A.B. asks: 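Got a structure for you, written out below as structure tokens; questions coming shortly.
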Amino acid sequence: MKSYRHLYGPVPSRRLGRSLGIDLVPHKICTYDCVYCQIGSTKEKTLIRKEYIPVKEVLEEVRRFLKEDISSIDHLSLTGSGEPTLHSQIRLVIEGIKTITSIPIAVITNGSLLYEEGVRKDLLGADIVLPSLDAVSSEVFLRINRPCSGLSIEKVIEGLVEFRKGYKGQIWLEILFCKGVNDHKEELLKIKEAIDRIQPDCIHLNTVVRPPSEEWAGPLNQKEMEEIQAFLGEKAFIISEFGRHPSSMRERDIKEEILKILRRRPLSLADLSKGMGIPLNQLSQYIEPLTQAGEIRSRIFGESIYYEIGEEQRK
Ligand code: SF4
């Protein structure tokens with residue numbers, strides 16, 4: 001990957017399978033300066049959209065990569081070390097990639113600019129949009145995301161609600177919890193109300209698992225995360241250990257995660273895929289050996305096949 005300036009990976013991502021990252025803005029240009037940010041504090045906090053990186057350069061690199069690398073890629077992810085929607089020509093990047101390949105495009109964004117109609121339109125061509133929402137009350141928003149002046153949480157939420165109305169692809173909303181900041185009951189109630197309005201396809205719950213920008217930003221434990229998951233309902237899945245920005249995940253972690261989820265309840269392959277954010281074809285590669293080894297087993301119920309934990313794993 002040495003000869004690529006704007007691509008990284010492909011990395012195995014829990015949510016997106018084997019994902020080729022496309023970095024659309026220079027390092028740490030963002031609308032937020034989140035206390036948990038794993039890539040350090042924001043160098044330039046801005047709401048100004050620009051063609052930070054020439055579209056032509058990005059498309060040339062994608063074209064070259066797909067010619068040179070014949071290994072399979074599950075998604076092309078517009079993300080990186082800043083906020084990708086700050087790139088004023090992101091729509092042209094998406095449209096350009098669509099003329100090169102049919103590999104699905106995911107946009108990992110903090111969602112802060114979706115209040116602008118132009119930004120919402122720019123993302124319509126993406127297959128999956130993964131916005132974040134860590135707070136609903138202004139006080140918590142200012143504390144955890146430390147937004148650029150001019151941004152309010154009301155605006156951000158309205159943007160997400162409006163985006164849902166016009167966007168036909170999948171929306172996977174991510175909430176990252178910091179101990180003592182956004183995990184109290186009143187905030188959780190407000191988050192639940194906001195989710196009801198936004199209507200994402202699923203909700204990914206995360207906590208601080210990598211060294212954060214601010215040392216005081218601490219993680220929730222597994223029990224606390226599970227309580228929040230139960231409170232937010234069926235669409236919510238815990239994905240801690242996943243970094244919001246460029247990251248990798250080992251194969252062993254995926255297997256362990258499958259076992260951990262199935263220990264709680266039997267799920268169909270489609271549910272498991274949606275919850276873990278791993279494409280069906282990639283997930284099958286893990287399910288088969290686990291079934292053969294007896295670590296999990298399948299069971300037909302109604303018209304679906306469910307997977308549950310095997311006898312050995314129950315002991
Ligand atoms: S976590 Fe993402 S949204 Fe937050 S400051 Fe870092 S780059 Fe920006």
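Model, not experiment: these values are computed from the prediction.
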A.B. asks: Should K179 and E224 be marked as a salt bridge (charged side-chain N to carboxylate O under 4.0 Å, His left out) after you check the CA-CA gap, both sets of side-chain angles, and the distance that decides it?
C.D. replies: CA-CA 10 Å; K179 185 81 179 158; E224 290 163 335; 2.4 Å; yes

A.B. asks: Could you list the residues that satisfy salt bridge (charged side-chain N to carboxylate O under 4.0 Å, His left out) with E116, not counting sequence neighbours?
C.D. replies: none

A.B. asks: Between D122 and T85, is the side-chain hydrogen bond (donor to acceptor under 3.5 Å, both in side chains) condition met? List the steps.
C.D. replies: CA-CA 9 Å; D122 284 349; T85 60; over 6 Å; no

A.B. asks: Sequence neighbours left out, what pairs pass side-chain hydrogen bond (donor to acceptor under 3.5 Å, both in side chains) with at least one residue falling in residues 135-144?
C.D. replies: S137-E187

A.B. asks: Got a sec, which residues hit salt bridge (charged side-chain N to carboxylate O under 4.0 Å, His left out) with R146, two or more places apart in sequence or on another chain?
C.D. replies: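 Residues passing salt bridge (charged side-chain N to carboxylate O under 4.0 Å, His left out) with R146: D33, E214.
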
A.B. asks: Please tell me whether S268 and S304 have a donor and an acceptor in their side chains that are separated by less than 3.5 angstrom.
C.D. replies: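 S304 and S268 do not have a side-chain donor-acceptor pair below 3.5 Å.
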
A.B. asks: Hey, does F177 have a side-chain heavy atom less than 4.5 Å from the side chain of L188?
C.D. replies: yes

A.B. asks: Taking the six-membered ring where the residue is Trp, are the ring centres of Y32 and F141 under 6.0 Å apart?
C.D. replies: yes

A.B. asks: Can you name the residues that form a salt bridge (charged side-chain N to carboxylate O under 4.0 Å, His left out) with K50, not counting sequence neighbours?
C.D. replies: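 Partners of K50 by the salt bridge (charged side-chain N to carboxylate O under 4.0 Å, His left out) criterion come out as none, since no residue qualifies.
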
A.B. asks: Indicate yes or no: at least one non-hydrogen side-chain atom of P131 is less than 4.5 angstrom from one of N110.
C.D. replies: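 In short, these two side chains do not touch, never coming nearer than 4.5 Å.
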
A.B. asks: With sequence neighbours left out, what residues match K98 under side chain to side chain donor-acceptor pair (under 3.5 Å)?
C.D. replies: D127

A.B. asks: What do the steps show when you test T42 against K28 for side-chain hydrogen bond (donor to acceptor under 3.5 Å, both in side chains), and what is the final call?
C.D. replies: CA-CA 5 Å; T42 297; K28 274 321 292 271; 3.0 Å; yes

A.B. asks: Determine, stepwise, if the pair K45 / E83 fulfils salt bridge (charged side-chain N to carboxylate O under 4.0 Å, His left out).
C.D. replies: CA-CA 10 Å; K45 198 159 27 172; E83 172 47 39; over 6 Å; no

A.B. asks: Check salt bridge (charged side-chain N to carboxylate O under 4.0 Å, His left out) between K192 and all other residues, then give those that pass, not counting sequence neighbours.
C.D. replies: none

